[in-house]
Amino acid sequence: MLGSKFFERSSIVVAKDLIGKFLIREQGGEVESFMITETEAYDGEKDLACHASKGRTKRTEILYAKPGIFYIYLIYGMYHMLNIVTDKKDYPSAVLIRGVKSISGPGRVTKKLKIDRMLHGKEAGKKSSLWLEDRGIMVNQKDILKTARIGVDYAGPIWSKKLYRFLLKK
DNA sequence: ACGATGATGAAC
DNA sequence: TTCATCATCGTA
């Protein structure tokens, strides 16, 4: 199971490293696992696409917390976004899980896995019934595409174009 | 191409 | 306290 050691690295490194890892969800005694195929990194206050670019607020406080906990919020009044806090405590950054095998889109992932604000701030682990595992799948770095992040045009010409989105080539 | 739908943060 | 904005998706 991936723990704080794994997440206590740059969000960019963690985002790339999460491709090919598994997201496990347990509910009602049933365990389902999904291979992660798409992620995005949000890195620090300087990153204008990162919510922490606004500094510490009630909402962004969690991004400054210890690595390996979930940052979950509602977007467009409808969809929950699943993020995992990364890097050292007090360095605000996170990785957004944008897609898993056979489910594309961050809103659809959380809908399918029934992830909502209940898990916000919880540590990734069995206790929270949502965790991550390395199942030994080797991903060739050439099979990981890097692109600009989705839906962050507001972040300006520099930050909206950073290649912080990682996805597995089919 | 667009509307649904609610939390957030900044302005007033 | 009001207002614009938003890390999306399903329908058209």
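None of these values were measured; they are calculated from a predicted model. Letters A, B, ... are given to chains in the order of the sequence lines, protein chains preceding strands, and every chain is numbered from 1.
- No side-chain heavy atom of A:Val109 sits less than 4.5 Å from a side-chain heavy atom of A:Phe34.
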For a quick test of your reading: what N or O donor-acceptor pairs under 3.5 Å do the side chains of residues 92-104 of chain A make, sequence neighbours left out?
residue: A:Ser93; atom: OG; partner: A:Thr86; partner atom: O; Å: 3.0
residue: A:Ser93; atom: OG; partner: A:Thr86; partner atom: OG1; Å: 2.8
residue: A:Arg98; atom: NE; partner: A:Glu38; partner atom: OE2; Å: 2.9

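- Note that A:Arg149 lies outside the cation-pi zone of A:Tyr164, set by a 6.0 Å cut-off to the ring centre and a 45° limit from the axis.
- Judged purely by atom type and a 3.5 angstrom limit, A:Thr110 uses its side chain to pair as donor or acceptor with the backbone of A:His80.
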Under 3.5 Å for both distances, Watson-Crick or G-U wobble, that's the pair rule; now give the dot-bracket for DNA chain C, with | marking pairs to another strand and [ ] for crossing ones.
-> ||||||.||||.

Could you list the donor-acceptor pairs under 3.5 angstrom formed by side chains in residues 113-121 of chain A, with sequence neighbours left out?
residue: A:Asp116; atom: OD1; partner: A:Met118; partner atom: N; Å: 2.9
residue: A:Arg117; atom: NH1; partner: A:Ile72; partner atom: O; Å: 2.6
residue: A:His120; atom: ND1; partner: A:Ile72; partner atom: N; Å: 3.0
residue: A:His120; atom: ND1; partner: A:Ile72; partner atom: O; Å: 3.2

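- A 4.5 Å side-chain heavy-atom check between A:Phe166 and A:Ile12 finds at least one atom pair inside the cut-off.
- The side-chain contact (heavy atoms from CB on, under 4.5 Å) test applied to A:Gln141 returns A:Lys16, A:Ile144, not counting sequence neighbours.
- The pair A:Arg56-A:Asp90 counts as a salt bridge, with a side-chain nitrogen and a carboxylate oxygen less than 4.0 angstrom apart.
- From the 5' end on, the contacts that DNA chain C makes with chain A at under 4.0 Å to a non-hydrogen atom open and close at C:dC6 to C:dG10.
- The ring pair (Phe, Tyr, Trp, His ring centres under 6.0 Å) check on A:Tyr73 picks up A:His51, A:Tyr71, with sequence neighbours excluded.
- Listed by residue number, the members of residues 108-124 of chain A with any heavy atom below 4.0 angstrom from DNA chain C are A:Arg108.
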Stepwise side-chain contact (heavy atoms from CB on, under 4.5 Å) check, A:Leu23 with A:Leu82 | CA-CA 11 Å; A:Leu23 183 63; A:Leu82 171 63; 4.1 Å; yes

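- Near DNA chain C, meaning a heavy atom under 4.0 Å away, the residues from residues 151-163 of chain A are A:Gly151, A:Val152, A:Tyr154.
- Taking 4.5 Å as the limit, some side-chain heavy atom of A:Glu40 sits within range of a side-chain heavy atom of A:Ile150.
- For DNA chain B, the outermost nucleotides in 5' to 3' order that have an atom under 4.0 Å from a heavy atom of chain A are B:dA4 to B:dA10.
- Within residues 42-65 of chain A, the residues having any heavy atom closer than 4.0 Å to DNA chain C are, in order of number, A:Tyr42, A:Ala49, A:His51.
- Within the nucleic acid shown, A:Gly77 comes within 4.0 Å of at least one base atom, counting heavy atoms only.
- Seen from the ring of A:Phe6, A:Arg9 counts as a face-on cation partner, given the 6.0 Å and 45° thresholds.
- Applying side chain to side chain donor-acceptor pair (under 3.5 Å) to A:Tyr64 and the options A:Glu45, A:Lys88, A:Lys89 leaves one that passes, A:Glu45.
- In summary, the side chains of A:Arg25 and A:Ser33 do not present any donor paired with an acceptor at a separation below 3.5 Å, with no hydrogens or angles considered.
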With a 3.5 Å cut-off and sequence neighbours excluded, list the donor-acceptor pairs that the side chains of residues 152-162 of chain A form with protein atoms.
residue: A:Tyr154; atom: OH; partner: A:Ala49; partner atom: O; Å: 3.1
residue: A:Trp159; atom: NE1; partner: A:Lys46; partner atom: O; Å: 3.3
residue: A:Ser160; atom: OG; partner: A:Gly156; partner atom: O; Å: 2.6

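- For the segment residues 81-104 of chain A, the set of residues with a heavy atom within less than 4.0 Å of an atom of DNA chain C comprises A:Met81, A:Asn83, A:Leu96, A:Arg98, in numerical order.
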